[in-house]
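Chain naming here is simple, since letters A, B, ... match the order of the sequence lines and numbering starts at 1 in each. When reading the values below, keep in mind they use all heavy atoms of this one structure, side chains included, and skip hydrogens, waters and symmetry mates.
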2 protein chains.
Amino acid sequence: MVLKHSRQRDSIKEFLMGRKDHPTASVVYDNVRRSFPNISLGTVYRNLTLLADIGEISRIHVGDGVDHFDADTSPHYHFICRECGCVRDLDMAGIDLDEMASRNFDGQIECHTVYFHGRCKDCCQNLHSIKA
Amino acid sequence: MVLKHSRQRDSIKEFLMGRKDHPTASVVYDNVRRSFPNISLGTVYRNLTLLADIGEISRIHVGDGVDHFDADTSPHYHFICRECGCVRDLDMAGIDLDEMASRNFDGQIECHTVYFHGRCKDCCQNLHSIKA
DNA sequence: TTCCTTGCAAATCGTTTGCATAATG
DNA sequence: CATTATGCAAACGATTTGCAAGGAA
């Protein structure tokens with residue numbers, strides 16, 4: 001299976017790289033549609049899956065039942081705000097979770113996924129203000 | 001909304017407590033059906049959701065697209081075998097992930113979900129044996 | 001009797017897929 | 001030209017929901 005170039009795929013990847021949050025397929029669809037009004041949701045899904053498979057983006061399971069996608073494939077952690085639902089990156093350099101987990105475990109630990117939950121900076125500040 | 005007793009709900013919870021793995025709704029359904037042949041999948045889902053909401057069980061998102069349920073609500077971590085798909089518990093006593101994450105983060109971190117991936121003890125041992 | 005819970009079936013929602021056509025190399 | 005990618009719509013699988021009937025307080 002030789003990969004062929006496609007303007008739609010470029011557009012999807014470019015959109016994803018321009019975002020610091022972690023959009024869902026339908027958010028990608030809504031945005032890419034501005035450049036490709038006829039693009040279909042199916043194409044968006046197909047390309048997101050393809051890009052994730054070849055490692056150019058990563059698919060993240062936030063726990064809200066919808067898949068999110070992240071153009072930043074470097075190892076980092078995610079924070080999910082329980083109030084606004086936003087997904088933010090989190091730096092925990094120098095911490096080797098796999099090693100910590102291996103201490104009391106009999107199998108072979110290869111990697112992990114972590115999600116932190118709480119309230120993001122913005123939602124903390126808006127605590128006493130009127131909701132939009 | 002006052003909770004009323006139901007034999008189906010008891011059975012669901014009892015089944016879950018007797019398992020060390022983390023069954024999906026349909027596994028629960030298949031098993032509880034032995035005692036309640038007419039129970040419907042809807043009832044199973046309704047009760048699992050209810051039990052999770054009141055904190056008697058917890059819903060875990062393993063990343064395989066299907067929700068799993070765990071009767072052990074004490075804080076612990078999960079390991080998912082990439083070979084057989086089993087979900088096992090993992091002990092990491094004495095490690096405060098939330099505190100570690102808070103060091104470089106501006107919001108308020110309240111909790112986290114972690115999944116470790118790799119190969120479980122059994123799959124490691126079966127490496128060179130013939131697959132069933 | 002009140003109102004929560006059930007079983008059933010239909011509805012939802014996110015995602016995948018089959019197919020004929022268009023675009024790429 | 002050979003093949004991959006697209007748009008569309010239909011198919012899917014997991015979960016939820018509306019409703020009339022059954023069961024608990």
Exercise for review: Look at the side chain of A:T43 and decide which nucleotide, out of D:dG7, C:dT24, C:dG7, has an atom nearest to it.
Suggested key: D:dG7
Review point. Could one point to a donor on the side chain of B:R46 or the base of D:dG18 with an acceptor on the other under 3.5 Å away?
Key: yes
Practice item. Answer with base, sugar-phosphate or nothing: what part of the nucleic acid does B:T49 contact at a heavy-atom distance below 4.0 Å? Key: sugar-phosphate
Review point. Tell me: OH of B:Y29 to P of D:dT16, nearest whole Å?
Key: 16 Å
Exercise for review: Count the heavy atoms belonging to other residues, nucleotides or ligands that lie under 6.0 Å from CD of B:E14, then report whether that count exceeds 12.
Suggested key: no
Practice item. Give the rounded distance in Å between these two atoms: CG of A:L48 and P of D:dA5. Key: 14 Å
Review point. What integer distance in Å separates A:Q8:CD from D:dC8:P?
Key: 11 Å
Review point. How do A:S6 and B:F69 order along DNA chain D: which one's closest nucleotide is nearer the 5' end?
Key: A:S6
Check your understanding: Once you round it to whole Å, what is the distance between P of C:dC4 and CD1 of B:I54?
Key -> 15 Å
Study note, to complete from the structure: Among the nucleotides C:dT15, D:dT16, C:dG7, whichever has the atom closest to the side chain of B:I39 is C:dG7
Revision key, fill the gap. Closest to the side chain of B:A25, out of C:dG7, D:dA5, D:dT15, is D:dT15
Exercise for review: Mark yes or no for a side-chain to base donor-acceptor pair under 3.5 Å between A:K4 and D:dT4, with no hydrogen or angle criteria applied.
Suggested key: no
Check your understanding: C:dT15 C1' sits how many Å from A:D64 CG, rounded?
Key -> 14 Å
Point to revise | Interatomic distance where CD1 belongs to B:I12 and C1' belongs to C:dT6 [whole Å] | key: 11 Å
**Study point:** Selection from D:dT15, D:dA5, D:dT6 that lies nearest to any side-chain heavy atom of B:L41
**Key:** D:dT15
Point to revise | Exam field: side chain B:S102 to backbone B:D98, donor-acceptor pair closer than 3.5 Å | key: yes
Review point. Between B:G42 and B:H5, which has a closest nucleotide on DNA chain C that is more 5'?
Key: B:H5
Exercise for review: Look at the side chain of B:Y45 and decide which nucleotide, out of D:dC8, D:dT15, C:dC8, has an atom nearest to it.
Suggested key: D:dT15
Check your understanding: Hey, does the side chain of A:N38 come within less than 4.0 Å of C:dA22's phosphate (OP1/OP2), counting only N and O?
Key -> no
Point to revise | Euclidean distance, atom CZ of residue B:R9 to atom P of C:dG7 [Å, nearest integer] | key: 12 Å
Exercise for review: Measure the shortest side-chain to side-chain distance between B:S35 and B:F15 over non-hydrogen atoms and say whether it is less than 4.5 angstrom.
Suggested key: no
Revision key, fill the gap. To the nearest angstrom, the CZ-P distance between B:R33 and C:dG7 comes to 11 Å
Check your understanding: Do the side-chain N and O atoms of A:H22 and A:D89 include a donor-acceptor pair separated by under 3.5 angstrom?
Key -> yes
Review point. To the side chain of A:N47, which of D:dT6, C:dT5, C:dT15 is closest?
Key: D:dT6
**Study point:** Distance-minimising heavy-atom pair for A:I12 and A:V44
**Key:** CD1-CA, 3.9 Å
